[in-house]
Structure formats: structure tokens, C-alpha cells
Undergrad: 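One structure, pasted below without further comment.
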Protein chains: 2
Amino acid sequence: MPYNLLVNNISKYIQLNEAEKEILFGYLKSKTIKRREFILNEGEICKYSVFVTSGCLRGFTVDKNGVEHVLGFAPPDWWIADMYSLISQKPGILNIEALEDTEAILLSKANQEKLYREVPKFERFFRILTENSLVANQQRIVDNMSLTAEERYSIFCKRYPTLIDHLPQKQIASYIGVTPEFFSRMRSGILRRS
Amino acid sequence: MPYNLLVNNISKYIQLNEAEKEILFGYLKSKTIKRREFILNEGEICKYSVFVTSGCLRGFTVDKNGVEHVLGFAPPDWWIADMYSLISQKPGILNIEALEDTEAILLSKANQEKLYREVPKFERFFRILTENSLVANQQRIVDNMSLTAEERYSIFCKRYPTLIDHLPQKQIASYIGVTPEFFSRMRSGILRRS
DNA sequence: CCCATTTCTTAATCTACATCATCTTTCCTG
DNA sequence: CAGGAAAGATGATGTAGATTAAGAAATGGG
């Protein structure tokens, strides 16, 4: 069943019976995204919560100097959206792009609200998702303020071991918050020392 | 009525009838916090969501060099908690301290869960709170990565105009992510230029 | 209302990381 | 499988903001 990974993901936090699963499935749709394809551009209104089942997406902003800043990656079993835009239904600042060919499941904002009404425990599920994401973001703020780039890289390696090997360095550099040049130097420094 | 500000705050997102308000009130308790008093120390388990009605709290972490990093302020009409610890009920990293004599309303984790069960729409309310907070945190990550200290200060001034005058500079500096020394010279630079 | 403590200012020096430029390597795509 | 583009490496130089130190100003507790 194609929604297996998603059901599994949800079951970590709430229990669904067959009827509830059917309601959920009725609100989902699948999407194939090719490498380099954007599923959201800054300035657009975000209409979907996106759950990745294979491949990898990244969410990033572009600052006034044209520099990209990666806010997060979405490998399989992760959700991604421009939360600001999704919530407010105003134009957002996030771009979401496929780093490789990707399969994803989409839940539209409208369907998500219907789901809340028909199966209220989904309210709980998405609250928990948001809470987890808030906690991760707070930790990242603290890390960015108190750690060196090297320490942040080391944390990234521990937290996302599967991502390191098949993610371009410049993407990790951008997530860490340094230039690709400095990131490269930093890595060769680490290698030389160890 | 002492819970007026809180009811108002909640009413922005969900509508409560009198019976629901009474249930809520039964789960709350008031607390007076003196200037410099801590209501949460890092390493403790966070047991309360705290809503400030007067005065001001700050949430901060201390890094391995002993430097404080302010994650947020809670002036009147704001909620504060160590979300990580509150959610996981594990020891947290946040300190919460009163910057001046403060009145607050406490909702314990246990009571919050009871509230969810008895009045499910509170699930929605706290989901929305968390969402808003997530959005603000994401924006802060982007700002920290793409803006200069001066630009971040300017944003802070616009976003929290009421806080600027009665908050010690070093607290703002810490929130912005610079040393008090640099913050001071930055400000005198801004003044001299304008 | 006074003194101790905290906060703020200013200056000199230092450093983590950025920028710019160039070269090499990797890797999609036709 | 070739060649063009993107990614990565490396060197020289520049800069935002940190650190250290010391004095001046503010402030709140007794």
C-alpha cells in the first residue's frame, strides 16, 4: 500500500482505526517531483503539507543579496511546508525544491481542516508535529548563537547521519550557516587533524 | 476578574462559553514572581505553561562558556515555557527569570491534558499558539543567518516597541545575538549617523 | 538618600568566517 | 562517453563582531 510509510509515521502519535484511515486516504494525493523541480516558490501561497516517501526535498529562502539559506531538508518519513504561508494563507518566503527525484504525499490545507473536523485526533497529531518542529528550531537558534560552525557541523552529522553522504556539501554548508568555501576548508581541517 | 487578560488572549482563536471558562479557571493558578526570581532552572522538568499578566519574564540558556542567550521575552499577554521539557517531561535547558516583579497565571501540564480531554477545542488553541511560535522561530533563524546585527536590532525595535525602553540593553543584545559591548557601540553608531 | 552592584561606554586588539579569484574534480545530459 | 555545468578545493585578503580591560553612569535595596 503506497500510504504505508505515512500511516506508520502518524501511528507514532495517534492510533487510527480502518474507518479513520479511509477518511484520511480520501484526502491525500500522491505526487512525483523531478530533481530540481520546485513544488513551492517564494511569493506563492502554500497549499499543502507535504510528506516525503522517497528522495529528498529542501526548503530554503533567498536573502536580498541572492544568498540561499536552507531551513530544512525533508528525506523520507519527513513532513515539509512553508508553515507561515500555510497557516496564514498569505504569500510565503520559502522555496521547496527536489534535490533528487522524489515521491511525496500531499494533504491540502482545506482537506487538513476537514480532517480535523471529522477525526479530531488529527488536531493532536499535527499539534505534536508542530511542537517537535518548534523544539528543533529553538535548539537551532541556541546552537547558531553559541556554537562554532565546526560544532554545528558535528551536531548535524550526528542528527542526520543518513543525509551526509548523499547531500551536496554546499547544501549542508547553507544549513549550518556558512559559505561553501569555508565549509570545504573546515572539513579538510577536520580530516587533517583526525 | 483576574483572568480577564487570559480569556481575551484565548478568545482571539477559539470561542468559549461560560461553562468552558469555568472548567478552565478550575485548572489555573496565579503566581507572583519577584524581580530576579527564577520560576524555572535549567535541568528541571518544566511543569507549567505560564501566561504573564503584568511585569516581564525572560527565557534564556547558558552555554558552556557561561554566556547567556535569551530565547524570548514574555511581557503581559504572552505565554512562556520550556517547550522541549514541557512536552517531553525531561530535564530542560531553559531558565525562566523575572526581569521585574511579575504576575502570571500557571497551567500545569497535567491540567492542560485534562483540559484537552474535557474541552477539545483547547487542543486547537495550543496548536495555533505553537504554530505561531514556530513561524516566529523560523523567521528568527533566517534573520540570524542573513541579516547584520544592526538589521536584526531594527527588526526587534519594530516588532517589540514596548519592550525597548524598559528592557536592559544587555538583554536585548543577548536576544539579538551580540555582546553588550558590541551592542552599545552599534547603538552609538546608529545615533551618531541619524 | 547613599552606597554597592549592576549596567553602559569606549578603546585596543583579535578571530571566525566572508569574499574574491582561480583551478580541479565530479557529474548529469545529450 | 564527451563536454559543459555544477560542485569542490585552495589561497590571499577583508570585515563583522568578540574579547579584554577599565572607567563612568545608572539604579534599586537597605
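In what follows, chains carry the letters A, B, and so on, assigned in the order in which the sequence lines appear, proteins first and then strands, with residues in each chain numbered from 1. This structure is a prediction, so every number in the text was calculated from the model and none was measured.
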Undergrad: What's the closest nucleotide to the side chain of B/Q169 if the choices are C/dT7, C/dT9, D/dA9?
TA: C/dT9
Undergrad: To the nearest Å, give me how far apart NE2 (A/H166) and P (C/dC28) are.
TA: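 To the nearest whole Å, that distance equals 12 Å.
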Undergrad: Quick one: A/L99 CG to C/dC28 C1', roughly how many Å, whole number?
TA: 15 Å
Undergrad: Nearest whole angstrom, please: distance from the P of D/dA16 to the CD1 of B/I176.
TA: 17 Å
Undergrad: Measure OH/A/Y153 against C1'/C/dC17 and give the value in whole Å, please.
TA: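 Between C1' of C/dC17 and OH of A/Y153: 17 Å.
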Undergrad: Take atom CZ of B/R58 and atom P of C/dT7, then tell me their distance rounded to the nearest Å.
TA: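 The distance from CZ of B/R58 to P of C/dT7 comes to 9 Å, rounded to the nearest Å.
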Undergrad: Could you please spell out the steps behind the salt bridge (Lys or Arg N to Asp or Glu O under 4.0 Å) verdict for A/R127 and B/E123?
TA: CA-CA 8 Å; A/R127 176 178 55 77; B/E123 187 98 46; 2.4 Å; yes
Undergrad: Atom CD of B/E100 to atom C1' of C/dT6: distance rounded to whole Å?
TA: 16 Å
Undergrad: When you measure from the centre of the six-membered ring of A/F60, is the NZ or CZ of A/R58 closer than 6.0 Å and no more than 45° off the axis?
TA: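 Geometry flag: set, cation within 6.0 Å and 45°.
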Undergrad: Taking the six-membered ring for Trp, are A/Y160 and A/W78 ring centroids under 6.0 Å apart?
TA: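 Yes, close enough.
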Undergrad: Are side-chain N/O atoms of B/Q171 and B/Y175 paired as donor and acceptor at under 3.5 Å?
TA: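 Looking only at side-chain atoms, B/Y175 and B/Q171 do not form any donor-acceptor pair under 3.5 Å.
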Undergrad: Taking protein heavy atoms under 4.0 Å as touching, what does nucleotides 17-30 of chain D look like 5' to 3' if B marks base contact, S marks sugar-phosphate-only contact and - marks none?
TA: BSBBB------SS-
Undergrad: Taking atom P of C/dA18 as reference, at what distance in whole Å does atom CE of B/M145 sit?
TA: 12 Å
Undergrad: If I take atom CG in residue A/D63 and atom P in nucleotide C/dA18, what distance separates them, rounded to the nearest angstrom?
TA: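 One finds 12 Å between P of C/dA18 and CG of A/D63, rounded.
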Undergrad: Parallel, tilted or perpendicular: which one describes the rings of A/F183 and A/Y153, with boundaries at 30° and 60°?
TA: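 The rings of A/F183 and A/Y153 stand perpendicular, inter-plane angle above 60°.
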Undergrad: Does a donor on one side chain and an acceptor on the other come within less than 3.5 Å for A/N144 and B/N144?
TA: no
Undergrad: Is the ring centre of B/Y48 less than 6.0 Å from the ring centre of B/W79?
TA: no
Undergrad: Is the phosphate of C/dT9 approached by B/S184 (side-chain N or O, under 4.0 Å from OP1 or OP2)?
TA: yes
Undergrad: C/dT10 phosphate, OP1 or OP2: any side-chain N/O from B/S188 under 4.0 angstrom?
TA: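 Answer is yes, contact under 4.0 Å.
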